[in-house]
Amino acid sequence: MTNRAAFVGATTQHCSLATSKLDVQSVSKWFRTSRANVHALAEVSMQVAAGQIVCVVGPSGCGKSTLLDIIAGLTQPDAGQVFADGQEVAGPGRERLVVFQEPSLFPWLNVFGNVMFGLRLCPELRGDERRDIAHHYLSLVGLEKFEKAHVHELSGGMKQRVALARALAPDPQVLLMDEPFGALDAMTREHLYDDVQKIWADSRKTVVFVTHNMREATCLGDRILLMSSAPGTIARSFDIPLSRPRSIYNAELVAHAAAVADALRGTMGGGVPE
Amino acid sequence: MRRAVVVTAFFAGLLLIWELAAETGWWSPVLFPSAVSVARYLWGAMNDGTLLEAIRVTLQRLLLGYVIGAAIGLPVGVLTSSSKIMDDTLGSLALGLQTLPSVCWVPFAVLWFGQTESAMLFVVVMGTVWSVIIATNHGARTIPPIYAKAARTMGSRRLHLWMMVMLPASLPFLVSGMKQGWAFAWRSLMAAEIFVTILTGFGLGQLLHYGRELNAMDQVIGAMMVIVLIGLLADRILFAPWERFLHRRWGMDGG
């Protein structure tokens, strides 16, 4: 616990525990298989203030996706707790929705049906309100013309836009993004950076964004947490005090990204990231 | 339209070659009847009712055996997919028995049930159930776990998760399992009808069998053609609509 206190004090001055939207406290996780006992996360602690975008970067296999699953409530930690708005996270819930890297849209529903899936699970909404919200979020991601399209007819970028609309529609407090653009080409990704920044500027969601792309993290994050692997720990934290919207071609942004990449190389013992 | 013309021309061509080959008289008409004489047999059997009755008897047996086989196979298949132990035990049993050609169940069935409808049903169920178990088991394993994961974050639980996510996600394997089962049920029933001679019903397999006994090659070939036709029609009517639906939604064939 003293470790965590020192870490918080040193790196996140503007983020006090009292106003944290998300508070991850000394979370540890092991994966036991017949061959090995992998220590995936070791006493990971992090706080995310309301309306902040925190990017988690690190080499493959450092446990960043596991950390996100634990925040989502999809995986239970072996030790430690996660608090969302002061409430301990005991399981998945629609106040913390996830955009996954893998295609997670339901192929038996069309685009509109996919966005409606989460809305149908909001008992406080009426039917016409659900439809209005679904239309709204699909036009927000620029896919209002594709409402009736089947999932397999969409490009990779469009699929992730629908996944984003689906995650935003039930109005979650926290948006968790697990390398959502990892499988997309560079041009599509850059478009999506603009969209995410625009949507974030309007909605001010609290976002945890997992990626292994330094420029992506620097473009989107208010803060970048650098993880090291085996076992996964948070090695360093960087504040990115750049104004928004940001472009990944901005020289200052590139300098920040290079600093994070250098630090990552340090934690990996001379290896090259990506 | 063009496709229909090509297909029609192909089969008309086949019939024509058959007829011309029979006309040459190089082979005995007893062993190589002409297309016309087979058509004449089919027309006669249709009119005296033996053919329609055989089709009715066969389809009734097939449907009953198939429904029983699928009703056992689907849940057991889901069960085998649910755990390693189930897969190692029930799964390997199913795999082993599926490799057994269904005609091998006939002696067993006749000793247990005698020359009865039950023997016939038993052979069809045994021929169907293992392949349905294997297809279902395999399909259930290939449902991407990400669907359940995504649904759970959106608040889907228990019954909602099963009905709205797992059931539709499993459609591709359900259809392929049911289709697999149908193909095996059909093959098993024909084996059973040829080898189990009973008086309670005279099916297509028995038509084939007595064609051999009577040395009536036109009956043998005619029955074979009807069997092929029923298999094709079943595929078109029972499974093609589902496969088209899957293709439209999933963008691929059956999974």
Side-chain angles (χ1 to χ4, degrees), chain A residues 34 65 68-69 71-75 89-111 113-125 148-155 159 162-164 166-172 174-178 180, chain B residues 74 78 83-89 91 136 138-179 239-255:
Chain A
S34 50
S65 290
L68 203 77
D69 274 4
I71 296 173
L74 288 165
T75 303
V89 170
R94 65 181 179 89
E95 41 317 316
R96 282 161 286 112
L97 289 183
V98 189
V99 181
F100 299 94
Q101 175 181 10
E102 309 155 68
S104 65
L105 298 178
F106 303 138
W108 57 93
L109 299 173
N110 63 15
V111 166
N114 267 281
V115 179
M116 286 292 281
F117 186 92
L119 291 168
R120 289 215 169 89
L121 287 161
C122 304
E124 71 279 11
L125 296 174
K148 292 204 169 62
H150 300 309
V151 172
H152 72 93
E153 293 162 341
L154 305 177
S155 67
K159 281 180 191 154
V162 177
L164 185 61
R166 182 172 76 172
L168 286 167
D171 197 26
V174 176
L175 195 60
L176 303 172
M177 303 178 83
D178 186 6
Chain B
L74 286 174
V78 171
S83 80
K84 186 97 182 71
I85 293 172
M86 285 296 180
D87 190 39
D88 287 345
T89 53
T136 311
H138 174 75
R141 278 166 197 285
T142 55
I143 298 180
I146 189 87
Y147 294 154
K149 225 168 135 179
R152 281 170 61 214
T153 62
M154 288 184 276
S156 177
R157 299 279 185 281
R158 291 180 295 275
L159 189 65
H160 186 275
L161 188 65
W162 278 100
M163 296 307 292
M164 306 307 281
V165 181
M166 298 316 275
L167 186 68
S170 59
L171 259 185
F173 82 71
L174 281 183
V175 171
S176 72
M178 295 297 279
K179 190 173 171 174
F239 297 106
W242 285 101
E243 284 173 338
R244 270 201 301 278
F245 172 80
L246 290 179
H247 189 83
R248 219 167 41 239
R249 288 298 168 100
W250 269 255
M252 55 186 164
D253 293 309

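Below, each value reflects all heavy atoms present in this structure, side chains not excepted, and no hydrogens, waters or symmetry copies. Source: prediction; values computed, not measured. We name chains A, B, ... by the order of the sequence lines, and we start the count at 1 in each one.
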Rounded to the nearest 0.5 Å, what separates atom [atom1] in [X] from atom [atom2] in [Y]?
X: B:M154; Y: A:R120; atom1: CE; atom2: CZ; answer: 12.0 Å
X: A:F100; Y: B:Y147; atom1: CZ; atom2: OH; answer: 12.5 Å
X: A:T75; Y: B:K149; atom1: OG1; atom2: NZ; answer: 6.5 Å

- [ ] Flag the pair A:F117 / B:M164 as yes when at least one side-chain heavy-atom distance between them is below 4.5 Å, and no otherwise.
- [x] yes

Open item on the list: I'd like to check A:P92 versus B:R157 (side-chain heavy atoms, cut-off strictly below 4.5 Å). Are they in contact?
Closed with: yes

Search all heavy atoms of [X] against all heavy atoms of [Y] and return the closest pair with its distance.
X: A:F106; Y: B:A151; result: CZ-CB, 4.0 Å
X: B:T153; Y: A:L97; result: O-CD2, 3.1 Å
X: B:R248; Y: A:H150; result: O-CD2, 3.2 Å

Name the region of [X], side chain, backbone, both or neither, that has any atom closer than 4.5 Å to a heavy atom of chain B.
X: A:P103; answer: backbone
X: A:L119; answer: neither
X: A:L105; answer: backbone

TODO: Determine yes or no for a side-chain-to-main-chain donor-acceptor pair under 3.5 angstrom, with B:R249 supplying the side chain and A:P107 the backbone.
DONE: no

Open item on the list: If I measure from the heavy atoms of chain A, does B:P168 come under 4.5 Å with its side chain, its backbone, both, or neither?
Closed with: both

